[in-house]
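I have placed the structure first, in the form of structure tokens, so that the comments after it can refer back to it.
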Amino acid sequence: MRRGPWWAFLLHRLSGVALAVFLPVHFLVLGLAVERAALDRVLDWTDNPWVKLAEAGLVVLLALHLTGGLRVLLLEFGRWSDRQQSRIAVAGGLALLAGFGFLAAAFA
Amino acid sequence: MKEAWLFAAQRVSAMVLAPLVLLHLGTVLYAVRGGLSADEILARTEGSLFWGAVYGLFVLAAAVHAPIGLRAVLGEWCRWRGAGLDIAMALFGLVLLALGLRAVAAVL
Amino acid sequence: MIERLDRDILILGSGGAGLFAALHAYRADPALDIAVAAKGLLGKSGCTRMVQGGYNVALAPGDSVERHFMDTIEGGAWINHQQLAWTLVEGAVARIRELEDEIGCYFDRNPDGSIHQKAFAGQTFDRTVHKGDLTGIEIVNRLMEQVWARAVTRLEEHRAAALIPSRDGSRLAGVLLIDIRTGALRFVRAKAVLLATGGGPTMYRYHTPSGDKTCDGMAMALEAGLALRDMEMVQFHPTGLYAGPGTRMTGTVLEEGLRGAGGHLLGGDGTRFMERYDDRLERATRDIVSRAMASEMRAGNVTENGGLYISMAHLGPESVAARFKGMVERCRDCGFDLAGGLVEVVPTAHYMMGGVAFEPDTTTALPGLYAAGEDTGGVHGANRLGGNGVANSTVYGGVAGDRMAADAARERAFPDPDEAVLEAAAARCLALFDRPPGDLAGIRERLSDLMWDEVGILRSAASLERAEAGLADLAAEVEAAGTPGGPAFNLAWHDRLNLESLVTVSRAIAAAARAREDSRGAHYREDFPETGDLAATRYTAVRLANGAFAAASEPVAFTHVSPGESLLAEPSPTPASPL
Amino acid sequence: MKRARPRLVKTGYDGPVMAMLEVEIWRGEGGGGAWRRYAVPHEANQTVLDVVTHVQRHIDPSLAYRFACRVGMCGSCAMTVNGRPRWTCRTHVSQAARKGRVRIGPLRNLPVIRDLAVDMAPFFEKWRDAGARFVPSGEPPEEPVRPDEPERRAADAGIECINCAVCYAACDSVAWNPDYPGPAVLNRLWTLANDRRDGDRDGHLDAAGAGCHLCRSHQECADACPTGLNPTAAIAGLKREVFRRALGGRTREGRQ
Ligand SMILES: Cc1cc2nc3c(=O)[nH]c(=O)nc-3n(C[C@H](O)[C@H](O)[C@H](O)COP(=O)(O)OP(=O)(O)OC[C@H]3O[C@@H](n4cnc5c(N)ncnc54)[C@H](O)[C@@H]3O)c2cc1C
Ligand code: HEM
Ligand code: SF4
Ligand code: F3S
Ligand code: FES
């Protein structure tokens, strides 16, 4: 019986947690990879499909979390009025669209 | 008042992260679309004060933002509360900071 | 097993009267142990919460307590206890300031920032303070927050079942309560007890008050030998929502303002009928409109379901929807379109002007027992002005708190109860589990039909005689009815006890109605349609002795003003409000 | 003359008019219990409270539930209806029933006393402990407050709360955080923070600061509030104010 905003929250939270898990790994791998070898090795590394997928996933997560985060920030710091609700919805929709844009682009 | 401070820190860091992430996503999108190779990216970031600042700030903000967020999730979903959680999250933040700065240093 | 508890002050009821009494007693002496017992949740039961219109008080320049007093006396058709009415109008001024400045009620304002006062029901000045049309919620929520914050024992979902005298019978010793949740019996010994259970004419087929109000306080007072004053005076509100017999929504009140704004009442034939009764049409006073509606209903000019219609659409559905948002929503929730269509209505029993005879300092004939609010009689006389009800409960609740604190502080020891009476009262409650279950739903229906038809808006000697006979039968049927199940949270048990109170008080109403052989205010005798000589005005007093209800009447003392006189230099202009 | 007829607004339920409703009601004391089925005649204009009343009066007298005003003013009758917290006295069966079925349980996030009656004390204890009540300022009486002042409007927007705890039951943050005071309390603190007559507005903000951040903006409260209040907006106001203060801003919004 959940309504829209709750799912937005859940998505935001899950993406946040996922980011919190993956971002350190990303940093670690990136740091290691660059440190260890020359540029061509890095090229090889980014050619690895698994790495590609993980990097794309990170982009998607960032897009999703960004969307949800903007929703929260708008909700909390935007001025409330009756029309605010719909503006938030519109902003959310646009951000989501952008997110899917990235997503499509990432896999293109 | 601790909660109020953590809240403020998380929202401020989120506001910092938002444009940075947008910028990053934009670059990634552009890169993927334009078929930039990893070395081209690295070539751009290497020695760039601008990109150094961008990613440095990103890492700093994320290291503030993520542990506070994770702390909420662990408190609510895993019933982990109190000093132990706070210490763990502080450590998590430090680790994130260290790994992130190392990665930034590597690509610079 | 009866659990025991001692409290300096025990307050029965958590409406405006009960909560105010608690706050005042606490303020007067925080060392006192105070308990508030309510049949429902603290502040969430009773009718003070349901006040929509607002609170009458003479605040504005041009108005005066004298004018408010005269309106109250004239509205009450001169049978008011004048000192009680005076205490009301005078006390309201201080009380409204207290509500606004200390309790925190945030009443609506004029554009200049001063408190707004609107026109309401038959008054010569716009003096009704309000918060939108949910004034009661604002008042009780704020009172409730203040009481929660103080060291006051909350006995929530505790039903007062009997007043227990002291061993020597000279005073009240305490009250036997039933903890509704556990079913435990609890005797609270107290130096001072306030009766503030809020009456409530819920024995009528259509009624407005909250479901927890079943005249328990009045019934207990009768049992304790006290006199009830003006019991024939039951106010009917003309526009109760009629949504069919199967819903509790039926009988709930549709705002007076609908008629004031120009709403039309239609008979089953779809035509306006008020033109046959009064020049003011739908804007005539509550009693006149209710009587006209009762006559139409009796003549059979009714809807398929047996009600009448209110129509607002000619005022423009948008404008109606905007002006009466709450009412439109409420009707929509039961499937009616108030703004654009027709809504079925019936007159509905709203308020009891009568109640326990008491003094301006809230003491009663039984030492140790105090009374305030809708449980009491004499303040409003034959008709209550809209807006004087909540003023009554808050003004006298506060007076009671002060007075009880002073008296309880003086009292050294707790009075010892008459154990035999206490045992008997407890046994009476528990005996119901040993009797075969009765047809409670059937009894309730027969009671509400009987009261509606015979002791309702139109009465006569013949109808009242039928009522008395019918009520005696019902009393016997209730007495024989037991309840199934155990004591814990057993609503059937309480329903059964409610019916007992309702039948007892119904009999008092019928007796008083028979004794008053003239028509005035809310009381209309078809066999005595004229109002008697005002100068010889008498009030009724009903007592219960040896199982019989005896109604007597006493002359009203015109202590402040006599019929034909006025406290005002100039005569009252015509009412500012059309109602 | 054509007979005027009341117009029944058709809502979701479109079964036959005198159909039976399939009702499931939670029965049990304290923690335990089970759903029990009842068949209740479906009538026009029937509310969920009427369904419960019918079961108690005509089928199973031992059923425990609570109500008082029956018109949406007292906030005593809230229950969980087909998964959503609602005021039952103002919820038309056709709004709530799905395919002629209604499942009625006690309100969430509060201890069950028995069947459909919950103990509301924890809800009010949080209200009390947050100091959510007016504090007299000792200023001259009846301070003039113009109705169009922004603060008055902000206070008015949240003042008509009937403390029914529907929002409290709808909110996951309440379920997840024992320290969270819940939407209704915070909504009240926001009206007090905007009440120019109050003597301790900063104290109310401090109290809010101790809990308002535990709101995760689920907006279930605003969605569920039967009187149409928006606790999410009120809480956002508190968060903003507390944020401002945490960052060293000394002024309140709208007050210099
Ligand atoms: C729909 C409606 C609208 C109204 N509008 C207005 C208006 O606009 N202006 C106005 O002035 N008046 C109005 N009134 C009248 C007004 O509400 C009452 O006059 C007044 O509030 C009564 O206050 P009270 O404290 O005496 O009783 P209540 O507020 O009714 O409280 C009674 C209390 O006693 C408790 N109780 C009952 N029986 C027992 C028992 N056996 N044991 C323990 N506790 C018990 C109840 O649970 C409740 O807590 C309205 C009434 C109704 C029903
Ligand atoms: C893109 C910029 C970002 C914005 C605008 C943003 C915004 C937010 C906001 C407003 C919250 C609070 C949600 C709440 O309490 O209701 C939040 C929570 C969180 N964020 Fe971010 N964030 C961003 C980036 C990140 C990054 C990079 C990470 C990971 C490293 C992250 C991890 C988290 C986590 C774990 C939470 C907790 C989720 C919750 O409590 O529901 N965020 N974010
Ligand atoms: S905010 Fe709404 S849902 Fe919550 S208690 Fe108040 S009226 Fe009920
Ligand atoms: S549902 Fe709960 S999380 Fe916040 S917005 Fe409402 S209080
Ligand atoms: S019974 Fe009062 S709100 Fe439903």
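To find a chain, count down the sequence lines: A is the first, B the second, and so on, and within it residues start at 1.
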>> I need the minimum non-hydrogen distance between C:Asp112 and D:Arg146, along with the two atoms involved.
In response: C-CG, 4.0 Å
>> Is C:Cys105 close to chain D through its backbone or its side chain, or both, or neither, when contacts mean heavy atoms under 4.5 Å?
In response: backbone
>> Out of C:His116, C:Lys39, C:Arg49, return the one with the most heavy atom pairs under 4.5 angstrom to chain D.
In response: C:Arg49
> Of all residues at least two apart in sequence or in a different chain, which pass the side-chain hydrogen bond (donor to acceptor under 3.5 Å, both in side chains) check with C:Ser210?
Replying inline: C:Asp212
>> Out of D:Arg188, D:Gln46, D:Glu29, return the one with the most heavy atom pairs under 4.5 angstrom to chain C.
In response: D:Arg188
>> Under a 4.5 Å cutoff for heavy-atom pairs, which residue among D:Arg90, D:Glu125, D:Arg133 has the most contacts with chain C?
In response: D:Arg90
> Any idea which of C:Ala149, C:Cys47, C:Gly132 has the most non-hydrogen atom pairs under 4.5 angstrom with chain D?
Replying inline: C:Ala149
> If you measure from CG on C:Asp101 to OG on D:Ser137, what distance do you get to the nearest 0.5 Å?
Replying inline: 7.5 Å
> At a heavy-atom separation under 4.5 Å, does C:Thr250 approach chain D through its side chain, its backbone, both, or neither?
Replying inline: backbone
> What are the two closest heavy atoms between C:Trp148 and D:Ala121, and how far apart are they?
Replying inline: CH2-O, 4.2 Å
>> At a 4.5 Å cut-off on heavy atoms, which part of D:Ala132 comes close to chain C: side chain, backbone, both, or neither?
In response: backbone
> If you count heavy-atom pairs under 4.5 Å with chain C, which of D:Glu149, D:Met120, D:Arg128, D:Arg66 comes out on top?
Replying inline: D:Arg66
>> For a 4.5 angstrom cut-off between non-hydrogen side-chain atoms, does C:Asp495 reach D:Arg57?
In response: yes
> Would a 4.5 Å heavy-atom cut-off, applied to side chains only, mark C:Arg181 and D:Arg114 as touching?
Replying inline: no
>> Tell me whether D:Arg152 forms a cation-pi arrangement with C:Tyr106, defined as NZ or CZ under 6.0 Å from the six-membered ring centre and within 45 degrees of its axis.
In response: yes
> Does the side chain of C:Lys44 come within less than 4.5 Å of D:Ile162's, by heavy atoms?
Replying inline: no
>> Run the side chain to side chain contact (heavy atoms under 4.5 Å, CB included) test on D:Glu160 and C:Leu134 for me, step by step, so that the C-alpha distance in whole Å, both residues' side-chain angles and the decisive distance to 0.1 Å come before the verdict.
In response: CA-CA 8 Å; D:Glu160 283 170 1; C:Leu134 297 173; 3.5 Å; yes
> With a 4.5 angstrom heavy-atom cut-off, which part of D:His58 approaches chain C: side chain, backbone, both or neither?
Replying inline: side chain
>> What verdict does the side-chain hydrogen bond (donor to acceptor under 3.5 Å, both in side chains) test give for C:Thr247 and D:Asn45, after you've listed the backbone C-alpha separation in whole Å, the side-chain angles of each residue and the deciding distance to 0.1 Å?
In response: CA-CA 7 Å; C:Thr247 174; D:Asn45 306 328; over 6 Å; no
> Sub-3.5 Å donor-acceptor pair from the side chain of D:Arg197 to the main-chain atoms of C:Glu100, do we have one?
Replying inline: yes
>> Looking at chain D, which one of C:Glu157, C:Gln52, C:Arg154 has the largest number of heavy-atom pairs inside 4.5 Å, strictly under?
In response: C:Glu157
>> So, using salt bridge (Lys or Arg N to Asp or Glu O under 4.0 Å) as the criterion, who are the partners of C:Glu138 when residues are at least two apart?
In response: C:Arg142
> Under the 3.5 angstrom rule, does the side chain of D:Arg70 hit a backbone N or O of C:Arg248 as a donor-acceptor pair?
Replying inline: yes
> Roughly how far, to the nearest 0.5 Å, is CE of C:Met144 from CG of D:Asn163?
Replying inline: 4.0 Å
> Any idea which of C:Leu42, C:Thr208, C:Thr483, C:Val140 has the most non-hydrogen atom pairs under 4.5 angstrom with chain D?
Replying inline: C:Thr208
> For D:Asp129, is it the side chain, the backbone, both or neither that has a heavy atom under 4.5 Å from a heavy atom of chain C?
Replying inline: neither
> Is C:Glu445 atom CD crowded by more than 12 heavy atoms from other residues, nucleotides or ligands, each under 6.0 Å away?
Replying inline: no
>> Counting C-beta onward and ignoring hydrogens, is there a side-chain heavy-atom pair between C:Pro484 and D:Pro61 closer than 4.5 Å?
In response: yes
> Do the side chains of C:Glu102 and D:Phe134 get nearer than 4.5 Å, heavy atoms only?
Replying inline: no
>> Given heavy-atom pairs under 4.5 angstrom as the criterion, report whether the side chain, backbone, both or neither of D:Phe124 touches chain C.
In response: both
>> Under a 4.5 Å cutoff for heavy-atom pairs, which residue among D:Leu192, D:Asp195, D:Asp156, D:Asp115 has the most contacts with chain C?
In response: D:Asp195
>> Looking at every non-hydrogen atom in both residues, tell me the closest pair between D:Cys161 and C:Asn141 and how far apart they are.
In response: O-ND2, 2.7 Å
> Side-chain contact, heavy-atom cut-off 4.5 Å: D:His92 with C:Asp333?
Replying inline: no
>> Out of C:Gly136, C:Pro111, C:Ala441, return the one with the most heavy atom pairs under 4.5 angstrom to chain D.
In response: C:Pro111
>> Less than 4.5 Å to any heavy atom of chain D: does that hold for the side chain of C:Glu329, its backbone, both, or neither?
In response: both
>> Shorter than 4.5 Å, heavy atoms on both sides: which option in C:Ile103, C:Asn490, C:Leu440 has the most such pairs with chain D?
In response: C:Ile103
